[in-house]
Structure formats: C-alpha cells, structure tokens
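Reading through the structure tokens given below for one structure.
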Amino acid sequence: KMLVVGRKGQSALGEKTRSFVFQRLRRFASSASRSESAAEPRFAPSGRKLIRPWPLTAKRHVPNHIPRPDFVTTGNVPPPQPLQQKTPEEVARMRRANALAAYVRRYVGTLVRPGITTDELDAAAHEMIVSFNAYPSALGYRGFPKALCASVNEAVCHGIPDTRPLEEGDLVKLDVLVYLDGFHGDCCGTFEVGQVDEDVRQLARVTRESLDHAISVCGEGVPFHAIGDAVSDVIEPYKYGNITAYSGHGIGRNIHELPFVLHYRNRVNHGKMKKSHTFTIEPMITMGSSDCGLLWGDEWTAVTVDNSIAAQFEECILINDDGKPEILTDPDKWEEYAKEQAM
C-alpha cells in the first residue's frame with residue numbers, strides 16, 4: 001500500500017512527502033503504544049472490545065542463499081518511479097512472483113481460526129515463502145519486522161503480527177509480499193475468524209465485489225482514475241467509508257511504482273493503462289469513517305479513527321497482450337509453475 005497525501009497533491013513519496021503524510025496520519029493519534037499492557041481492554045461505542053498491541057517475537061531468519069531486494073542490504077528504499085511496460089520475460093517473472101504470493105495467502109488463510117496468533121500465521125507465511133527460495137518482501141522494508149502484515153478488525157492495514165490470539169468474530173486482513181527472480185508479488189485477503197456478525201460478513205463481501213468490479217473496468221487505454229469510480233459505485237449504496245490515505249500502486253522490480261491507484265472518485269491524471277503494465281488494486285473499506293491514523297505509535301499500524309471495522313482485498317493486475325486485465329495473483333498458477341520446474 002502506498003501512502004498518499006489525500007485528494008489533493010498526489011506525488012511521488014520522497015522523504016519530505018513521507019514525513020508530511022505521517023504527520024497527517026498522526027493528527028488522529030492517541031497515546032497508545034506497544035508498551036501498554038495487552039490486558040487493558042478498550043471498547044468501541046458498540047461494546048466490541050478494541051484491538052490492543054501485544055508483544056512481538058524475535059525477527060525470523062532468512063537463509064543466506066536467498067536473494068534479497070536491494071533495500072534489505074542497503075537500507076534505502078528508492079522513490080517510486082513511473083510504471084514501465086514490461087518485456088515478455090519480465091511479465092513471466094511477475095506471473096511467478098504474484099502466483100507465489102497468492103499461494104501463500106491461500107494457505108495462511110486456511111490456518112485462520114479462534115486461538116491462533118497472527119505471529120503464528122506470520123511464521124507459517126515466512127517458512128513457506130523461504131521454502132520456495134523467495135524472500136518475504138515486507139521483512140526489513142523501512143524497518144518492518146515481519147513477513148506478513150496482519151491487521152485485525154479496526155486495524156486497516158500494516159498491522160505487525162503479534163502474540164494476541166484471534167477471537168471468534170474477528171476479521172483479519174493478511175497482506176503477503178514476496179520477492180522472486182528479481183520481482184515482487186503483492187496481494188491481500190480478508191478472513192473471518194469463526195462466526196462473524198452478518199454486518200461484518202457483508203462488509204467483507206462488498207469489499208471483494210468492489211475489487212472485482214474495479215478489475216472488470218481495467219483495460220488498455222482506460223484511465224487509472226476509472227478504478228476509483230468502479231469501487232465507489234459498489235460501496236456507496238452501503239454508506240461505507242473508503243480509506244483515502246492509502247492506495248494501490250504500480251509494481252515490478254520495486255514494490256511501489258507510480259502511478260498511485262486511487263480507490264475513491266477522482267480525476268487525478270495518472271495516465272492510462274497500457275499493455276504489460278502491472279499494478280495493484282486494493283480497496284480498504286470500513287463500516288464508518290474514511291480516515292485512519294497511526295494510533296499505536298509503531299509507525300505502521302493504521303487504525304480507523306472511529307474504531308469501525310475495515311476489510312481489504314488486493315490483487316495484482318496485468319494488462320495483457322489482448323488489452324484485457326489478467327489477475328496475476330492466482331494461486332492455482334503457482335501449482336502449474338511448480339510442476340513445470342519439477343519436470
């Protein structure tokens with residue numbers, strides 16, 4: 001997810017812009033931090049217990065033979081560059097990286113149940129990624145300490161997996177990034193923990209429908225701002241909030257490439273889709289406010305300002321040779337690639 005300034009002044013995220021965006025998010029911040037006791041519950045107006053930070057486990061090891069993205073070794077994340085049309089070989093590598101990310105997402109999603117911790121889900125994702133000689137792209141990105149982003153209930157995105165057991169009725173977003181053969185794969189799914197309330201199930205369903213509709217309007221020559229219209233067409237009848245502080249993005253050799261892919265109605269000129277463009281669409285939809293803030297003091301976890309529950313789905317899209325969209329984050333494709341490599 002790319003941080004964006006808001007409905008005005010979208011631009012590449014240099015350090016000054018990044019600092020400004022953090023200030024924007026912090027304007028909602030409370031005094032919460034990971035030093036607070038996990039045993040001190042807070043409650044939403046509905047009476048639902050809010051998620052609090054729990055302790056973290058140690059950073060997990062990646063075998064030395066696995067290639068790392070440059071930012072892991074240098075500590076420097078380059079500013080987003082304009083999205084380039086990819087060669088057939090680059091597209092083939094993008095297909096493999098994103099299929100693996102989706103394969104991991106599907107597997108980890110099957111583990112979601114009451115009582116499991118998001119740290120345990122992270123461990124499963126980490127081990128699976130490295131078993132395929134891929135690197136978990138989130139690990140070490142601007143200091144992020146885990147392989148998986150796991151965001152529960154009112155946490156919108158970038159939640160750090162911790163030792164809190166998931167509870168019946170929770171809604172957890174699992175964001176998977178992998179680095180394979182020099183390219184990144186990126187996807188996210190929303191998973192129900194046991195039995196959830198019907199209004200929560202509806203939020204997840206409508207969020208997925210908004211993503212599917214956005215994908216359906218993509219194609220060669222389509223302006224990127226059409227994605228925001230498509231998402232909005234689906235969610236507006238439900239009066240849901242649409243997070244504006246984060247966006248989809250181009251993706252390839254770097255996790256984040258331009259353009260910003262905005263999920264709300266806009267007429268920002270981010271150009272038009274071209275053949276062999278690859279980018280993510282990842283609407284973050286809430287039962288309430290469209291605003292979120294870095295409420296936990298960890299510089300990562302974005303939480304709705306009104307503590308309303310959020311859902312998110314993300315796929316990586318390729319504009320194919322026929323000018324139509326292809327979902328690269330297809331887990332079944334990874335099984336095909338694995339069989340080919342084994343032959």
Side-chain angles (χ1 to χ4, degrees), residues 1-13 80-86 94 98 101-102 156-157 173 175 184-190 203-238 240-252 254-286 290 292 302 310-320 322-330:
K1 276 130 290 294
M2 285 184 75
L3 284 165
V4 295
V5 176
R7 294 178 186 269
K8 298 179 181 179
Q10 283 79 11
S11 61
L13 282 182
Q81 300 299 311
L83 185 62
Q84 301 294 320
Q85 291 178 276
K86 293 177 174 58
M94 283 294 293
N98 281 279
V156 176
C157 62
K173 285 78 67 180
D175 195 340
H184 294 276
D186 189 4
C187 62
C188 180
T190 292
L203 172 70
R205 175 180 60 80
V206 172
T207 302
R208 179 71 226 192
E209 290 174 356
S210 75
L211 171 58
D212 291 340
H213 184 48
I215 294 171
S216 75
V217 305
C218 292
E220 184 182 16
V222 175
F224 279 98
H225 65 65
I227 290 171
D229 289 337
V231 171
S232 300
D233 286 344
V234 173
I235 71 166
E236 284 177 351
Y238 296 89
Y240 288 149
N242 189 343
I243 295 294
T244 59
Y246 295 89
S247 74
H249 49 87
I251 185 171
N254 296 313
I255 298 176
H256 296 134
E257 297 177 353
L258 297 177
F260 295 99
V261 178
L262 306 179
H263 303 118
Y264 53 83
R265 296 192 192 279
N266 70 93
R267 286 299 177 267
V268 177
N269 182 15
H270 282 156
K272 296 181 179 180
M273 303 171 199
K274 298 179 181 179
K275 292 179 182 179
S276 76
H277 272 173
T278 53
F279 53 90
T280 70
I281 307 176
E282 43 187 304
M284 288 151 269
I285 309 302
T286 80
S290 295
C292 61
Q312 184 197 13
F313 289 91
E314 174 187 11
E315 306 289 3
C316 184
I317 307 303
L318 163 73
I319 303 302
N320 223 326
D322 60 4
K324 297 179 180 179
E326 174 187 341
I327 298 175
L328 295 182
T329 35
D330 180 347

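Here the structure is a predicted model, which means the values were calculated and not measured. These numbers come from the heavy atoms of this one structure, side chains and all, not from hydrogens, waters or symmetry mates.
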Interatomic distance, CD1@Ile227 vs SG@Cys218, rounded to 0.5 Å, equals 4.0 Å
Do other residues, nucleotides or ligands put more than 12 heavy atoms under 6.0 Å from the CG atom of Asp233? yes
So Cys292 and Tyr246, side-chain contact (heavy atoms from CB on, under 4.5 Å) or not? Walk me through it. CA-CA 10 Å; Cys292 61; Tyr246 295 89; 3.7 Å; yes
Met273 vs Val222, test: side-chain contact (heavy atoms from CB on, under 4.5 Å). Steps then yes/no. CA-CA 6 Å; Met273 303 171 199; Val222 175; 4.0 Å; yes
Over all atoms of both residues, closest heavy-atom pair of His184 and Ile251: O-CD1, 3.7 Å
Can you name the closest pair of heavy atoms from Thr207 and Pro283 and give their distance? CG2-O, 3.9 Å
Can a donor-acceptor pair be found, under 3.5 Å and without considering hydrogens, that links the side chain of His249 to the backbone of Ile255? yes
If you round to the nearest 0.5 Å, how far is CD1 of Ile317 from CG of Leu211? 7.0 Å
Ignoring hydrogens, what is the shortest heavy-atom contact between Asn266 and Gly228? Give both atom names and the distance. ND2-CA, 4.5 Å
Rounded to the nearest 0.5 Å, the CE atom of Met94 sits from the CG atom of Leu318 at a distance of 8.0 Å
Can you tell me if Ser247 uses its side chain to pair, donor with acceptor, with the backbone of Leu262 under 3.5 Å? no
Backbone N or O of His213 within a donor-acceptor pair of the Ser216 side chain at under 3.5 Å? yes
Over all heavy atoms of both residues, which pair between Asp175 and Glu314 is shortest? Give the atoms and the distance, please. OD1-OE1, 3.5 Å
Of all heavy-atom pairs between Lys324 and Asp322, which one has the smallest distance, and what is that distance? N-OD1, 2.9 Å
Nearest 0.5 Å, what's the CE-OG1 distance between Met284 and Thr244? 9.5 Å
Hey, could you give me the OG1/CG distance between Thr286 and Leu203, rounded to the nearest 0.5 Å? 7.5 Å
Can you classify the ring geometry of Phe224 versus Phe279 as parallel (below 30°), tilted (30 to 60°) or perpendicular (above 60°)? perpendicular
Go through it in stages, so that I can follow the logic: the residues are Ile243 and Ile285, the test is side-chain contact (heavy atoms from CB on, under 4.5 Å), and I'd like the CA-CA distance, side-chain angles, deciding distance and then a yes or no. CA-CA 6 Å; Ile243 295 294; Ile285 309 302; over 6 Å; no
Treating Gln85 as the side-chain partner and Lys275 as the backbone partner, does any N or O pair qualify as donor plus acceptor under 3.5 Å? yes
Do Ile281 and His263 come within less than 4.5 Å of each other through their side chains, counting heavy atoms only? yes
Test side-chain contact (heavy atoms from CB on, under 4.5 Å) on Glu220 and His277 and set out the steps. CA-CA 9 Å; Glu220 184 182 16; His277 272 173; over 6 Å; no
Between Thr329 (side chain only) and Ala102 (backbone N and O only), is there a donor and an acceptor less than 3.5 Å apart? no
For Val156 and Gln312 the tightest heavy-atom approach is O-OE1, 4.2 Å
d(Lys274 NZ, Lys86 NZ) to nearest 0.5 Å is 12.5 Å
Sub-3.5 Å donor-acceptor pair from the side chain of Asn98 to the main-chain atoms of Asp186, do we have one? yes
